[in-house]
Amino acid sequence: GWGSEFVIRLPRAASEDAPPGGDDAGTQERAPASASLRLLVVDDNVDAANTLASLLRSAGHQVSIAYDAREALACAERESPHALLLDIGLPDIDGFELARRLRRLPQTAKATLVAVTGYGRNEDRARSKASGFDHHFVKPVDPRKLARLLDGVAREPGSA
């Protein structure tokens, strides 16, 4: 009958343009991206994929999820995403080969490919670039950097 009550308060992230000193204007929530993009998140870690997809949906994007490379290829052909966020350590086909295959599909030949991976060595970055990736993020991804990248994709002609 004694029980406990726990309260957790998390501060809202201040925008990068916020004036120093904690002004209320700096604690406004980030506005959705200038345009909604079709995105595909590919990761065999279900929790990681779902969490990233939730973050992207909250920014106003249309997000599909694939948990392996074969599912990703089928989804990419069907949905023609503007950008694909791919884990490299996939169980069936690694992300490097998946990127090469996506570049050969007419639906994704010009899409933005983003590696979202635990592989962060210089050799991994060079290999991702050689495989057709446009960007390489090491997990955990900084949401602000990802949002800036996707805002740039949304501004590209013909993307949204």
Side-chain angles (χ1 to χ4, degrees), residues 8-17 27-121 124-125 127-129 131-160:
I8 299 174
R9 289 191 173 80
L10 301 174
R12 217 178 309 173
S15 74
E16 291 180 332
D17 299 328
T27 60
Q28 297 291 325
E29 287 190 33
R30 186 182 185 328
S34 55
S36 178
L37 296 171
R38 285 185 312 279
L39 304 175
L40 176 58
V41 172
V42 184
D43 198 325
D44 60 319
N45 180 320
V46 173
D47 291 334
N50 292 343
T51 301
L52 182 56
S54 293
L55 173 75
L56 297 169
R57 285 183 185 120
S58 73
H61 300 294
Q62 302 167 39
V63 184
S64 297
I65 303 172
Y67 301 109
D68 63 48
R70 294 185 198 292
E71 182 183 359
L73 288 165
C75 187
E77 284 185 272
R78 201 173 47 247
E79 298 181 11
S80 301
H82 297 109
L84 298 91
L85 296 94
L86 314 176
D87 184 23
I88 290 177
L90 297 169
D92 53 347
I93 301 169
D94 72 31
F96 300 120
E97 178 60 24
L98 176 57
R100 285 189 286 274
R101 292 184 188 191
L102 288 165
R103 285 292 180 221
R104 291 193 298 260
L105 288 177
Q107 297 90 333
T108 53
K110 295 185 181 193
T112 300
L113 298 184
V114 182
V116 178
T117 180
Y119 301 162
R121 299 174 308 165
D124 301 320
R125 292 175 186 279
R127 191 170 174 203
S128 71
K129 185 174 180 70
S131 299
F133 282 98
D134 299 297
H135 304 277
H136 188 110
F137 287 119
V138 177
K139 293 177 184 178
V141 175
D142 180 334
R144 291 173 299 202
K145 288 181 180 178
L146 182 57
R148 277 195 303 272
L149 170 69
L150 294 175
D151 285 346
V153 171
R155 284 191 291 275
E156 291 174 9
S159 67

Asks: Picking from Leu90, Leu102, Leu73, Asp68, what satisfies side-chain contact (heavy atoms from CB on, under 4.5 Å) with Val42?
Replies: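 When side-chain contact (heavy atoms from CB on, under 4.5 Å) is applied between Val42 and each of Leu90, Leu102, Leu73, Asp68, only Leu90 qualifies.
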
Asks: Enter the distance from Leu52:CG to Asp47:CG here, rounded to the nearest 0.5 Å.
Replies: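 Result: 12.5 Å between the selected atoms.
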
Asks: Hey, are the side chains of Asp87 and Asn45 touching, using non-hydrogen atoms and a 4.5 Å cut-off?
Replies: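 They are not in side-chain contact.
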
Asks: Please round to the nearest 0.5 Å and tell me the distance separating atom CG of Asp94 and atom CZ of Arg127.
Replies: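 It is 5.5 Å, given to the nearest 0.5 Å.
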
Asks: Measure the CG-CZ distance between Leu150 and Arg155 for me, rounded to the nearest 0.5 Å.
Replies: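 CZ of Arg155 is found 10.5 Å from CG of Leu150.
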
Asks: Determine yes or no for a side-chain-to-main-chain donor-acceptor pair under 3.5 angstrom, with Thr51 supplying the side chain and Ala48 the backbone.
Replies: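 Here the side-chain-to-backbone pair does not exist.
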
Asks: Is there a side-chain contact between Arg125 and Val138, using heavy atoms and a 4.5 Å cut-off?
Replies: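 Contact flag for Arg125/Val138 side chains = yes.
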
Asks: Which pair of heavy atoms, one from Ala111 and one from Arg103, lies closest together, and at what distance?
Replies: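 Taking every non-hydrogen atom into account, O-NH1, 2.7 Å.
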
Asks: To the nearest 0.5 angstrom, please state how far the CZ atom of Arg101 sits from the CD1 atom of Ile93.
Replies: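 Between Arg101 CZ and Ile93 CD1, I get 3.5 Å after rounding to 0.5 Å.
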
Asks: Ion pair present between Arg144 and Asp142, side-chain N to carboxylate O less than 4.0 angstrom?
Replies: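 Result for this pair is yes, salt bridge flagged.
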
Asks: With a 4.5 Å limit on heavy-atom distance, are the side chains of Ile88 and His136 in contact?
Replies: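 The answer is yes, as the side chains (C-beta and beyond) meet within the 4.5 Å cut-off.
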
Asks: Taking all heavy atoms of Ser36 and all of Gly60, pick out the closest pair and write down the distance.
Replies: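 That would be OG-O, 2.8 Å.
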
Asks: Checking Leu113 against Asp134 for the side chain to side chain contact (heavy atoms under 4.5 Å, CB included) test, could you report, in this order, the C-alpha distance in whole Å, the side-chain angles of both residues, the deciding distance, and whether it holds?
Replies: CA-CA 5 Å; Leu113 298 184; Asp134 299 297; 4.1 Å; yes

Asks: Counting distance only, does the side-chain N/O of Ser128 pair as donor-acceptor with the main-chain N or O of Phe133 below 3.5 Å?
Replies: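 The answer is no, because no donor-acceptor pair under 3.5 Å joins these two groups.
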
Asks: Report yes if the side chains of Asp43 and Lys139 come closer than 4.5 Å at any heavy-atom pair, otherwise no.
Replies: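 Side-chain contact under 4.5 Å: yes.
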
Asks: What's the spacing between Arg57 CZ and Ile65 CD1 if we round to 0.5 Å?
Replies: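 Here the rounded value is 5.0 Å.
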
Asks: What residue among Thr117, Val114, Leu98 forms side-chain contact (heavy atoms from CB on, under 4.5 Å) with Leu86?
Replies: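 The single option meeting the side-chain contact (heavy atoms from CB on, under 4.5 Å) with Leu86 is Leu98.
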
Asks: So do the side chains of Leu56 and Leu146 get within less than 4.5 Å of each other, counting heavy atoms only?
Replies: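 The answer is yes; the side chains approach within 4.5 Å.
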
Asks: Are any side-chain N or O atoms of His61 and backbone N or O atoms of Leu37, one a donor and one an acceptor, separated by less than 3.5 Å?
Replies: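 Yes, His61 side chain to Leu37 backbone: donor-acceptor pair under 3.5 Å.
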
Asks: Mind telling me whether Tyr119 and Phe96 have parallel, tilted or perpendicular rings, with 30° and 60° as the class edges?
Replies: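 Because their plane-to-plane angle is under 30°, the rings of Phe96 and Tyr119 count as parallel.
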
Asks: Can you tell if the side chain of Leu40 reaches within under 4.5 Å of the side chain of Ser64, non-hydrogen atoms only?
Replies: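 Touching, per the 4.5 Å side-chain cut-off.
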
Asks: Hey, could you give me the NZ/CD distance between Lys110 and Glu156, rounded to the nearest 0.5 Å?
Replies: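 Between Lys110 NZ and Glu156 CD, I get 11.5 Å after rounding to 0.5 Å.
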
Asks: Under 3.5 Å, is there a donor-acceptor pair linking the side chains of Asn50 and Tyr67?
Replies: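 Side chains of Asn50 and Tyr67: pair found under 3.5 Å.
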
Asks: Okay, side chain of Arg70, backbone of Asp92: is any donor-acceptor separation there less than 3.5 Å?
Replies: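 Pair absent, no side-chain N/O of Arg70 close to backbone of Asp92.
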
